Amino acid sequence: MTCRPCRVTYQGTRYAIDGAGNVAIAAVGDRDTQPIADATLAKAVRHEASKQRRNRNARERHQAMLDIGLVRVRGGLGGVYYE
């Protein structure tokens with residue numbers, strides 16, 4: 001399986017992250033990229049992409065649970081769904 005390059009906007013700038021984790025600034029049309037040399041910025045961009053991916057997956061999982069009639073209960077074991 002190969003990873004698709006993902007694109008994330010971080011602090012108003014669009015970045016592309018390839019399958020190896022290399023971060024580059026995505027130009028208009030996302031065809032031309034300019035690699036960035038700042039390791040701290042690259043780490044922050046990868047973290048932001050991970051956060052957005054995790055939030056999207058949680059949102060989709062929550063919607064799927066609602067679709068089958070389960071509701072989330074406050075307290076308890078944290079994130080437990082019941083009928």
Side-chain angles (χ1 to χ4, degrees):
M1 182 172 122
T2 60
C3 295
R4 288 185 318 148
C6 65
R7 288 167 179 77
V8 61
T9 302
Y10 179 70
Q11 294 182 348
T13 306
R14 188 87 167 152
Y15 295 95
I17 306 171
D18 66 8
N22 300 321
V23 179
I25 297 174
V28 176
D30 291 335
R31 293 185 187 269
D32 301 323
T33 58
Q34 301 171 359
I36 59 171
D38 185 8
T40 306
L41 178 60
K43 182 178 178 182
V45 170
R46 284 191 298 270
H47 183 266
E48 180 67 20
S50 174
K51 185 175 81 169
Q52 288 180 8
R53 191 169 37 253
R54 192 170 44 251
N55 287 344
R56 183 192 66 228
N57 291 341
R59 200 170 36 250
E60 290 173 356
R61 186 172 44 253
H62 177 69
Q63 187 59 48
M65 292 296 199
L66 291 178
D67 290 346
I68 62 172
L70 300 178
V71 294
R72 191 167 185 164
V73 186
R74 290 193 175 262
L77 300 174
V80 177
Y81 288 87
Y82 291 104
E83 291 186 272

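Numbers here simply count residues along the sequence, with the first being 1. If you're wondering where the values come from, they're calculated on a predicted model, not measured in any experiment.
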Can you see which heavy atom on Ala49 is nearest to which on Ile17, and at what distance?
CB-CD1, 3.7 Å

For Lys43, all residues meeting salt bridge (Lys or Arg N to Asp or Glu O under 4.0 Å), sequence neighbours excluded:
none

Could you give the distance from NE2 (His62) to CG (Asp67), rounded to the nearest 0.5 Å?
9.5 Å

Within the structure provided, determine whether Ile25 and Thr13 are in side-chain contact (heavy-atom separation under 4.5 Å).
yes

So how far is it from Cys6 SG to Gln52 CD, rounded to the nearest 0.5 Å?
9.0 Å

Nearest 0.5 angstrom please: Ile36 CD1 to Tyr15 OH, how far?
5.5 Å

When rounded to the nearest 0.5 angstrom, what distance separates CZ in Arg61 from CE in Met65?
8.0 Å

Report the distance from atom CD of Glu48 to atom CZ of Arg46, rounding to the nearest 0.5 Å.
13.5 Å

Across all chains, not counting sequence neighbours, the side-chain hydrogen bond (donor to acceptor under 3.5 Å, both in side chains) partners of Asn57 are none

